[in-house]
Amino acid sequence: MHTIKLNIQNKKGHQLQAYLELPANQKPNNYAIFAHCFTCNSNFNAVKNISRSLTNHGFGVVRFDFTGLGKSEGKFSESHFSANVGDLLAVSDFLKENYEAPGLLVGHSLGGAAVIVAASKLDNVKAVATVGAPATIDHVTHLFSHGIDEVREKGEVEINIGGRPFKINQEFVEDFSKTNLPEITKNLRKPLLIMHAPFDNIVGIENAQKLYLDAHHPKSFISLDQADHLLSNKQDSMYVGHMVGSWGDRYFNAKDNDMLSTEGEQLVAHLNLKEDNFTTSIQTKKHHFLADEPESVGGDDFGPSPYDFLSAGLAACTVMTLKLYAERKKWDLQEVFAYITYSKKHSDDLMLDVEKPMRIDHLQKRLKFIGNLDETQKQRLKEIASKCPVHKSLQGEIIIETELLN
């Protein structure tokens, strides 16, 4: 994924550090904002994984640090809930002025509550997704309840949350009781996706139930099964991103993906070497998907390998060709399976007469037909399977030209 660093100023004049994640072709169809959890920041792995997964659905995604967190300016005591919502509105305004108004808001934990409130104030937002979000704002106060009495006495105190020190004051404490999230959720009237882990021991699953009951349709719930609250397992955060993206596709007009600014592209692949390991984003005119390497060679196995895609192209072309042929012949071919195995084999094992013995790319294609077919028909279909366009391309002379783009 291509990442652009942004500096966004909020209403108080603080600079918020932000990053814009772009799809492989660097031309989003729609824009989204991701709001991180309480005391987290935009560089948490879960935040990056979810944001980058969304780019595979054509979204440009802004992830940013709330006031006083990460590398954003301001004090943590200014990062109360109302300020979080204000930061979201500032990011939305920035996108509207410099790119395009965001249509999707996604929030994790308290960030989930913040995106519900922000969405209620933004006409441009078409859909909202929450992950492990509380049903009320003051739910989060248990994290710093040990310091509330001292705040009343001293005005500002340093407390410990999750092993890290933070300074809070009376305004910070009181702000968490000012927002009626259940009422705002009831009046939201926008598509809402609620994702929650059943065994979340920080924000209990009962919060998801209350949010769901408060909201009006269209509303959806997805269980995160064995995930923990912070989505520390990479597979869980990637899953969240993919599910939000698939759900969001329903609420945004389908657009053709723009390719790069040259002529004639049919496919774009992009890999950020510093961030993505081997996980590669691929776009065609209408589709997004991932390629990866298996874990056995150092990949994350988030998508098929390059040779899986090569085999998939041959398999897909084979079964489609057989469908067309059987329908034209009016034969009773009901289902067809093409099993492809890629390997390297030695020319001697293949009994090939070559000047210099060598290892050769080998694709084995095995076919299975379902239907009322006689042996002659099956043999003819086997012959036709070798005439599909991709099969012929792989066996013909292929010229690959490589050039550099500025």
Side-chain angles (χ1 to χ4, degrees), residues 3-21 32-48 51 61-99 102 105-122 133-134 137-148 150-152 154-179 181 230:
T3 305
I4 299 174
K5 187 176 180 180
L6 306 172
N7 282 301
I8 301 171
Q9 184 170 295
N10 68 10
K11 297 297 184 183
K12 290 189 174 182
H14 296 315
Q15 292 292 323
L16 306 178
Q17 177 167 280
Y19 301 90
L20 173 60
E21 303 284 359
I33 301 174
F34 187 94
H36 63 69
C37 62
F38 185 61
T39 75
C40 300
N41 63 63
S42 63
N43 276 318
F44 268 48
N45 286 332
V47 178
K48 292 192 288 187
S51 299
V61 185
V62 172
R63 54 183 174 89
F64 71 100
D65 296 336
F66 282 122
T67 296
L69 288 166
K71 294 185 178 179
S72 287
E73 294 179 349
K75 299 178 180 178
F76 177 74
S77 59
E78 298 176 273
S79 188
H80 46 65
F81 185 75
S82 297
N84 290 173
V85 175
D87 288 347
L88 275 164
L89 299 180
V91 174
S92 177
D93 288 343
F94 177 89
L95 276 175
K96 186 176 181 179
E97 292 171 8
N98 295 278
Y99 295 91
L105 299 185
V106 184
H108 180 203
S109 194
L110 189 65
V115 297
I116 291 176
V117 176
S120 71
K121 302 174 182 289
L122 294 170
I137 305 306
D138 55 9
H139 177 278
V140 77
T141 57
H142 77 278
L143 294 174
F144 52 85
S145 59
H146 56 288
I148 291 178
E150 194 176 358
V151 165
R152 294 192 184 104
K154 300 181 180 179
E156 182 178 87
V157 298
E158 184 175 284
I159 59 169
N160 186 288
I161 302 176
R164 291 181 292 162
F166 296 96
K167 287 186 177 181
I168 64 173
N169 56 26
Q170 192 66 29
E171 179 187 6
F172 179 89
V173 172
E174 291 178 350
D175 188 83
F176 285 93
S177 62
K178 291 181 179 179
T179 303
L181 184 61
L230 292 178

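Below, all heavy atoms of this structure are taken into account, side chains as well, without hydrogens, waters or symmetry copies.
- The shortest non-hydrogen separation linking Val61 to Ser51 is CG2-O, 3.5 Å.
- Residues His14 and Glu78 have side chains in contact (heavy-atom distance under 4.5 Å, counting atoms from C-beta outward).
- Under the ring pair (Phe, Tyr, Trp, His ring centres under 6.0 Å) criterion, Phe34 pairs with no residue at all, not counting sequence neighbours.
- In this structure, the side-chain hydrogen bond (donor to acceptor under 3.5 Å, both in side chains) partners of Ser82, at least two apart in sequence or on a different chain, are Asp175.
- Among residues two or more places apart in sequence or in another chain, the side-chain hydrogen bond (donor to acceptor under 3.5 Å, both in side chains) test is passed with Asp93 by none.
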With a cut-off of 3.5 Å and sequence neighbours excluded, list every side-chain donor-acceptor pair involving residues 106-113.
residue, atom, partner, partner atom, Å
His108, NE2, His229, O, 2.8
Ser109, OG, His229, NE2, 2.9

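- Between Leu16 and Phe94, the closest side-chain pair of non-hydrogen atoms is not below 4.5 Å.
- Taking both residues in full, the closest heavy atoms of Ala18 and Val62 are given as CB-CG1, 4.0 Å, listed atom of the first, atom of the second, then distance.
- Ser42 meets the side-chain contact (heavy atoms from CB on, under 4.5 Å) test with Tyr19, Arg63, Asp65; sequence neighbours excluded.
- Residue Gln17 comes nearest to Ser72 through the heavy atom pair N-OG, 2.9 Å, listed as atom of the first residue, atom of the second, then distance.
- In this pair, His36 and Phe66 present their aromatic rings perpendicular. The plane angle is above 60°, beyond the 30 to 60° band.
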Original post:
How far apart are the C-alpha atoms of Val117 and Phe81, what are their side-chain angles, what is the distance that settles it, and do they pass the side chain to side chain contact (heavy atoms under 4.5 Å, CB included) test?
Top reply: CA-CA 10 Å; Val117 176; Phe81 185 75; 3.8 Å; yes
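- Applying the side-chain contact (heavy atoms from CB on, under 4.5 Å) test to Ala118 and every residue at least two apart in sequence or in another chain returns Val85, Leu88, Leu89, Leu105.
- Contact annotation: the side chain of Phe64 never approaches that of Ile8 to less than 4.5 Å [non-hydrogen atoms, C-beta and beyond].
- Closest non-hydrogen pair, Leu181 versus Pro134, comes out as CD2-O, 3.5 Å.
- Qualifying side-chain contact (heavy atoms from CB on, under 4.5 Å) partners for Gln9, counting only residues two or more places apart in sequence or in other chains: Gln15.
- Atom CD1 in Ile116 sits 8.0 Å away from atom CD1 in Ile137 (nearest 0.5 Å).
- Contacts of Asn10 classified as side-chain hydrogen bond (donor to acceptor under 3.5 Å, both in side chains), with partners at least two apart in sequence or in another chain: Thr67, Asp87.
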Original post:
Is there a side chain to side chain contact (heavy atoms under 4.5 Å, CB included) between Tyr99 and Leu20 once you walk through the steps?
Top reply: CA-CA 11 Å; Tyr99 295 91; Leu20 173 60; 3.7 Å; yes
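- The two residues Ile33 and Pro102 have their closest heavy-atom pair at CD1-CG, 3.7 Å.
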